[in-house]
Every structure is written in structure tokens, then in C-alpha cells.
Amino acid sequence: MPANVLFVCIGNAGRSQMAQALYECTGGEARSAGTRPEAEVHPPVVEVMREVGIDLDGRQPHKLSREDVEWADLVVTMGCGDACPVLPGKRYLDWNLPDPAGMPVEAVRGTRDEIARLVSELPD
């Protein structure tokens, strides 16, 4: 697995938070950020992560910075489009995942499971 992975979405309150936590469970170093961070991690996201033994309590959405991108070996974007900075020499992947904001818990659970699958398939 890549050494440092940055997961980026719009609000840093759902997809990227789940991806960071799931990647950290594999022993990897990760950060997450959003182009327009929200005030808190979505409660259904906290709930579905707790179901798999991961506690997101206390995590705060973080605004994406150039330093985050510079730190990363791999940047995984999830719906932030042109708002995500692209730096030469960095590897990028884009995961087309629905934003869990406002979704019922069942749908958020499905997004969590898809993120877990994608994290398990990250390239070296």
C-alpha cells in the first residue's frame, strides 16, 4: 500500500472520513479533507462506522490544504472535481461514490462497504 494517502471529498463529513478510518485500520498513514468542510461528521456516518468497530467521535472536518496534498503519496478524490489541487509527481485516483449527506443509514452502510472494498484494492 502507498505510504501516505489523502482522501478528499467536498464536506469531509462522510466519504473521506470513512476512507481515512478504514485505511488506518490496515496500518496505513492517512489524512482526509474537504474542499468545503462541514461543521461535523454526519451522524449516520458515525453510526455505520461504529457498527464495524471504528469510532469517529471527535473527528472534525478539515479544509483541504496544499500541505495535505504535498504530504500524500496518493490522493484519492471523491466528487470534488476541479476544486482538488493537482500537483505534479502525485498519484491520483477518483472514486465515484454518492455523497452520504442526507441518506438513510442503509444507504450509508452500502457506501461504507464500497469504500472498504476500494481501500482493500488500493495499488502499491
Side-chain angles (χ1 to χ4, degrees):
M1 291 196 158
N4 296 330
V5 181
L6 173 63
F7 297 98
V8 183
C9 66
I10 297 168
N12 190 223
R15 296 166 290 186
S16 57
Q17 290 281 355
M18 289 190 282
Q20 176 186 354
L22 289 162
Y23 186 74
E24 288 170 344
C25 286
T26 71
E29 291 288 325
R31 291 182 186 177
S32 65
T35 55
R36 291 191 316 268
E38 297 193 21
E40 64 181 8
V41 177
H42 300 304
V45 169
V46 174
E47 181 179 336
V48 302
M49 293 302 284
R50 192 173 289 129
E51 292 173 358
V52 294
I54 298 172
D55 185 5
L56 295 183
D57 282 344
R59 292 212 187 196
Q60 282 296 121
H62 165 78
K63 183 160 180 55
L64 178 65
S65 70
R66 184 178 179 93
E67 292 75 27
D68 292 323
V69 179
E70 289 171 349
W71 168 86
D73 299 306
L74 173 65
V75 179
V76 178
T77 59
M78 297 172 249
C80 59
D82 294 340
C84 292
V86 175
L87 296 180
K90 298 293 176 181
R91 293 171 57 195
Y92 290 84
L93 289 175
D94 185 61
W95 293 348
N96 186 15
L97 296 164
D99 186 345
M103 289 180 144
V105 169
E106 297 75 24
V108 177
R109 208 173 274 130
T111 300
R112 176 204 62 205
D113 294 345
E114 179 64 5
I115 291 170
R117 183 188 68 78
L118 290 166
V119 164
S120 74
E121 295 175 356
L122 281 172
D124 291 333

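Treat the numbers as computed from the prediction; the structure is a model and nothing was measured.
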Novice: To the nearest 0.5 Å, how far apart are CG in D68 and NZ in K63?
Specialist: 10.5 Å
Novice: Heavy atoms only: give me the nearest S32-S16 pair and the separation to one decimal.
Specialist: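 So the two residues come closest at CB-O, 3.4 Å.
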Novice: Would you say M78 ends up clustered with I10 if hydrophobic residues are merged whenever their side chains have heavy atoms under 4.5 Å apart, either directly or through other cluster members?
Specialist: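 I10 and M78: separate clusters.
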Novice: To the nearest 0.5 Å, what is the distance between CD (E29) and CD (Q20)?
Specialist: 10.0 Å
Novice: If I take atom CG from residue L6 and atom CD from residue E70, how far apart are they, to the nearest 0.5 angstrom?
Specialist: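 Going from the CG atom of L6 to the CD atom of E70 covers 11.5 Å.
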Novice: Taking the side chain as every heavy atom from C-beta outward, state whether N12 and Q17 have any pair of such atoms under 4.5 Å apart.
Specialist: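 Yes, at least one pair of side-chain atoms sits under 4.5 Å.
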Novice: Are any of the side-chain heavy atoms of D99 and C9 separated by less than 4.5 Å?
Specialist: no
Novice: Locate the shortest heavy-atom distance separating A33 from L64; write the atom from each residue and the value.
Specialist: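 Taking A33 first and L64 second, the nearest heavy atoms are CB-CA, 3.6 Å.
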Novice: To the nearest 0.5 Å, what is the distance between OH on Y23 and CG on N4?
Specialist: 7.5 Å
Novice: Nearest 0.5 Å please: distance from the CG atom of L118 over to the CE atom of M18.
Specialist: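 Output value for this atom pair is 11.5 Å.
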Novice: Could you work out, with salt bridge (charged side-chain N to carboxylate O under 4.0 Å, His left out) as the rule, every residue matching E24, not counting sequence neighbours?
Specialist: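 Result, salt bridge (charged side-chain N to carboxylate O under 4.0 Å, His left out) vs E24: R59.
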Novice: Are the side chains of V45 and T111 in contact, using a 4.5 Å heavy-atom criterion?
Specialist: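 Side chain of T111 against side chain of V45, heavy atoms only: no contact under 4.5 Å found.
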Novice: Taking the side chain as every heavy atom from C-beta outward, state whether I115 and V119 have any atom pair closer than 4.5 Å.
Specialist: yes
Novice: With clusters defined by side-chain heavy atoms of hydrophobic residues (ILVMFWY) lying less than 4.5 Å apart, directly or transitively, does W71 cluster with V8?
Specialist: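 No, V8 does not connect to W71 through the hydrophobic network.
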Novice: Taking only residues two or more places apart in sequence or in another chain, which ones pass salt bridge (charged side-chain N to carboxylate O under 4.0 Å, His left out) with R50?
Specialist: D57
Novice: If you apply the rule side-chain contact (heavy atoms from CB on, under 4.5 Å), what do you find for V76 with L122, and how did you get there?
Specialist: CA-CA 10 Å; V76 178; L122 281 172; 4.2 Å; yes
Novice: Show the nearest heavy-atom pair for residues D73 and A3, with the distance to one decimal.
Specialist: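 Scanning both residues completely, I find the closest heavy atoms to be OD2-CB, 3.1 Å.
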Novice: What heavy-atom pair brings P100 and G14 nearest, and what distance separates the two atoms?
Specialist: CG-CA, 3.9 Å
Novice: Among all residues two or more places apart in sequence or in another chain, which pass the side chain to side chain donor-acceptor pair (under 3.5 Å) test with E51?
Specialist: R109, R112
Novice: State whether W95 and R15 meet the cation-pi test: NZ (Lys) or CZ (Arg) under 6.0 Å from the six-membered ring centroid, and within 45° of the perpendicular axis.
Specialist: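 Because its charged atom misses either the 6.0 Å distance or the 45° angle limit, R15 does not stack over W95.
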